[in-house]
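A short worksheet on the structure shown next.
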Amino acid sequence: MISYLGNIIIYFSLIITILFYLNLLKKIIPSTILSLKLIYFINLIPFGLLVYAFSISDFTLLNVVKNSYVDDPIFYKVTSAWGSHEGSILLWVFLINLFGVFFLYKNQTVEIHKNILFISTLFILYVVISSNPFTYVEANENILGLGLNPILQHFLFVIHPPTLFLGYIGLIIPFVISAHMLVNKTFSEKLFEEMLIWSKISWFFLTGGIVLGSYWAYSELGWGGWWFWDPVENISLIPWLLNTALIHSLQVSIKNNQLKLWSLNLGLYCFIASVFGTFLVRSNLIVSVHSFATDPLRGLFLIIIITYLLTMTVRLNIKSISNFNEDSFNILSRESFLLLNNIFFICSALVVFIGTVYPLFSEMILKTSVSVGAPYYNFAFNLLLAPLILFMAFAPQINWGKHEKKDKQLPFIMTLSLLISLVSFYFFNNFYFALSVFITSPLFLKSILVLKTNFNKNISFYSQWLAHLSIGFFIIAAVYTEQFDYQENLLFEKETSSEIKLKNNKTAIIKNIKDEDFQNYQKISVDLLILDGEKEKELSPSKNIYQPSGQVTNEVSTTNKFFSQYYATISTIESDKVGINLVYKPFINLLWLSTIMLVFSIFLSIVKKR
């Protein structure tokens, strides 16, 4: 029943959209706005049906059979809807139209909404041609489902993909607004302000989605890192970097009518980067724990969508290129610094893009296998990041137009930053941490001084202040945890002591080994105690054996020590011995706290605008 109903609604949506474009729908519904609302609403229904089918384990749908298990908990049954390739593409359709509905209440420009519907229709065609989640199969009592991939059975997977998709797809609004303004050459301040608010909404969800994904990988995959420069991590970072540049550029466009074309073209490429990322994940071209190993032909239709969007964008670029020399401002002004900020963000995005796609081109064209790893990203990305952080410290205090007042604090701040970094090198004996202290100290010092003189400022000031401060904390925490973490491989054997001495006079004690049965998996856990003086830290890493696949996952256990954390996984477990991989991650909780600060600062900026 759901199979037929889902297919009928999808095809009906295509028919009614075609009638709308041919102006034939007016004969039935005279109001264009009402027609738009109807189409948007119809396009929301299929994904709702799919979620319902998963929740009731409707095994007449092939997609449900492949990605759900009858004994999965209800929230994992629901999340299986976007755990599959077909379901995630249908989620794209749902979110495109959801954004269309909300945007319709703020802006009823029909031409803009026609572009949203056209992109939505391209994805609906993609669903129909190669990714239909409503394919029917004959159900019987022996079909119990193959189950959701066990590594995706994590509470963060309930919210991580939808949050990230909201960030990706939210960029469709700046895209269609940019295209509309470039085609019609109407550079309305109102439209720029709408672009800014929707860019910030997308930025909020993108940041939240990337943070949740990073924490999911950290807490589920068991390798102890928070960022691996995995291709799928990278392609989520590219639109984030471009959107960050867009938001800063739009501030100049709105404030003093400069960088208009720059902002509009950035608005186009942000969404293209999102679609390109989706193509890489769905095309089977990359190897990643996040990617969907599907038929490469599915990537073909996404290539067509990207080609169309890119062709339209390049055409608009060429049309507007003659107007790029209209902007003029003083070298020492906030506009100049924000432009430099944009250049660094765009270059950072290009660094990530090249590192991600170069292995693909090398294998396809040069027929050689190349791996681009962390050393490339750490060097190139951090080289661009360093001046960007220094700009963050001083640019917000520079005046618009022309800055005539000399910053008397600059020599003092830079000298003090150098002294602090030298002291940190003396105590910690680590060049990279001392360098991070030197780069971020101006940001911290300037934030304190600015807060002292601007304590009664509005929310806009505090959102910017908190965002920049959170970046500083993030860099310090990231460098510290990477430079000073350590791991120990513990082996407890049956006939030997249950205690093992650790570094820094700590002791690990194995307390118990448990075997428990749950609804859809068996859990073998090891209770571990870390003695740190008089303090006791409990850990319980486990191996889970999932039904019906029999796949085994390594489940992480953590315990906190202020901003630091112990992180444990089971490396081996046999009848006579147990191996534990124990990692100490200093300042890792400060890193997560800084990301929460950043997400909250973006939220404040959205609330202020609204």
Point to revise | Phe600, CZ atom: more than 12 neighbouring heavy atoms under 6.0 Å | key: no
Review point. Do any pairs count as a side-chain hydrogen bond (donor to acceptor under 3.5 Å, both in side chains) and have a residue in residues 2-14, sequence neighbours left out, and if so which ones?
Key: Asn7-Asn132, Ser13-Asn43
So, [X] side chain and [Y] main chain: donor-acceptor pair closer than 3.5 Å or not?
| X | Y | result |
| --- | --- | --- |
| Asn107 | Phe103 | no |
| Thr595 | Trp592 | yes |
| Ser202 | Gly167 | yes |
| Ser214 | Ile210 | no |
| Ser80 | Gly83 | no |
| Asn234 | Thr356 | no |
| His160 | Leu212 | no |
| Glu233 | Phe228 | yes |

Practice item. Could you tell me how the ring of Phe353 sits relative to the ring of Phe276: parallel (under 30°), tilted (30 to 60°) or perpendicular (over 60°)? Key: tilted
Validation row: [X], [Y] side chains within 4.5 angstrom (heavy atoms):
| X | Y | result |
| --- | --- | --- |
| Leu182 | Leu268 | yes |
| Ile254 | Leu196 | yes |
| Val93 | Pro46 | no |

Is the closest side-chain donor-acceptor distance between [X] and [Y] under 3.5 Å?
| X | Y | result |
| --- | --- | --- |
| His85 | Ser131 | yes |
| Ser57 | Lys77 | yes |
| Tyr546 | Asp72 | no |
| Asn184 | Thr186 | no |

Practice item. Could you pull out all residues at least two apart from Lys190 that satisfy side-chain hydrogen bond (donor to acceptor under 3.5 Å, both in side chains)? Key: Glu194
Shortest non-hydrogen contact from [X] to [Y]?
| X | Y | value |
| --- | --- | --- |
| Val158 | Trp82 | O-CZ2, 3.2 Å |
| Gly277 | Ile235 | O-CD1, 3.1 Å |
| Cys270 | Leu171 | O-CD1, 3.7 Å |
| Leu316 | Ala179 | CD1-CA, 4.0 Å |

At what distance, to the nearest 0.5 angstrom, does [atom1] of [X] lie from [atom2] of [Y]?
| X | Y | atom1 | atom2 | value |
| --- | --- | --- | --- | --- |
| Leu24 | Leu19 | CG | CG | 5.5 Å |
| Ile116 | Ile39 | CD1 | CD1 | 12.0 Å |
| Asn97 | Ile119 | CG | CD1 | 11.0 Å |
| Phe123 | Ile96 | CZ | CD1 | 5.0 Å |
| Met597 | Ile602 | CE | CD1 | 12.0 Å |

**Study point:** All pairs passing ring-ring contact (aromatic ring centres under 6.0 Å, His included) where residues 27-50 contributes a residue, at least two apart
**Key:** Tyr40-His113, Phe47-Phe94
Exercise for review: Decide side chain to side chain donor-acceptor pair (under 3.5 Å) for Ser463 and Ser601; before the verdict, give the C-alpha distance in whole Å, the side-chain angles of both, and the deciding distance to 0.1 Å.
Suggested key: CA-CA 5 Å; Ser463 65; Ser601 70; over 6 Å; no
Check your understanding: Phe102 and Phe99: ring-ring contact (aromatic ring centres under 6.0 Å, His included), yes or no, with the steps?
Key -> CA-CA 5 Å; Phe102 285 114; Phe99 274 106; 7.6 Å; no
Exercise for review: Might you work through the side chain to side chain donor-acceptor pair (under 3.5 Å) test for Ser263 and Ser249, ending with a clear yes or no?
Suggested key: CA-CA 6 Å; Ser263 298; Ser249 176; 2.6 Å; yes
Exercise for review: Quick one: do Tyr377 and Trp229 satisfy ring-ring contact (aromatic ring centres under 6.0 Å, His included)? Show the steps, please.
Suggested key: CA-CA 8 Å; Tyr377 293 107; Trp229 293 110; 4.6 Å; yes
Revision key, fill the gap. Sorted by chain and number, sequence neighbours left out, ring-ring contact (aromatic ring centres under 6.0 Å, His included) with Phe155 holds for none
Review point. Quick one: side-chain contact (heavy atoms from CB on, under 4.5 Å) partners of Thr311, sequence neighbours excluded?
Key: Thr307
**Study point:** With Tyr21 via side-chain contact (heavy atoms from CB on, under 4.5 Å) - residues at least two apart
**Key:** Thr17, Lys114, Leu117, Phe118
Check your understanding: Could you walk me through whether Thr553 and Gln551 pass the side chain to side chain donor-acceptor pair (under 3.5 Å) check?
Key -> CA-CA 7 Å; Thr553 63; Gln551 185 173 336; over 6 Å; no
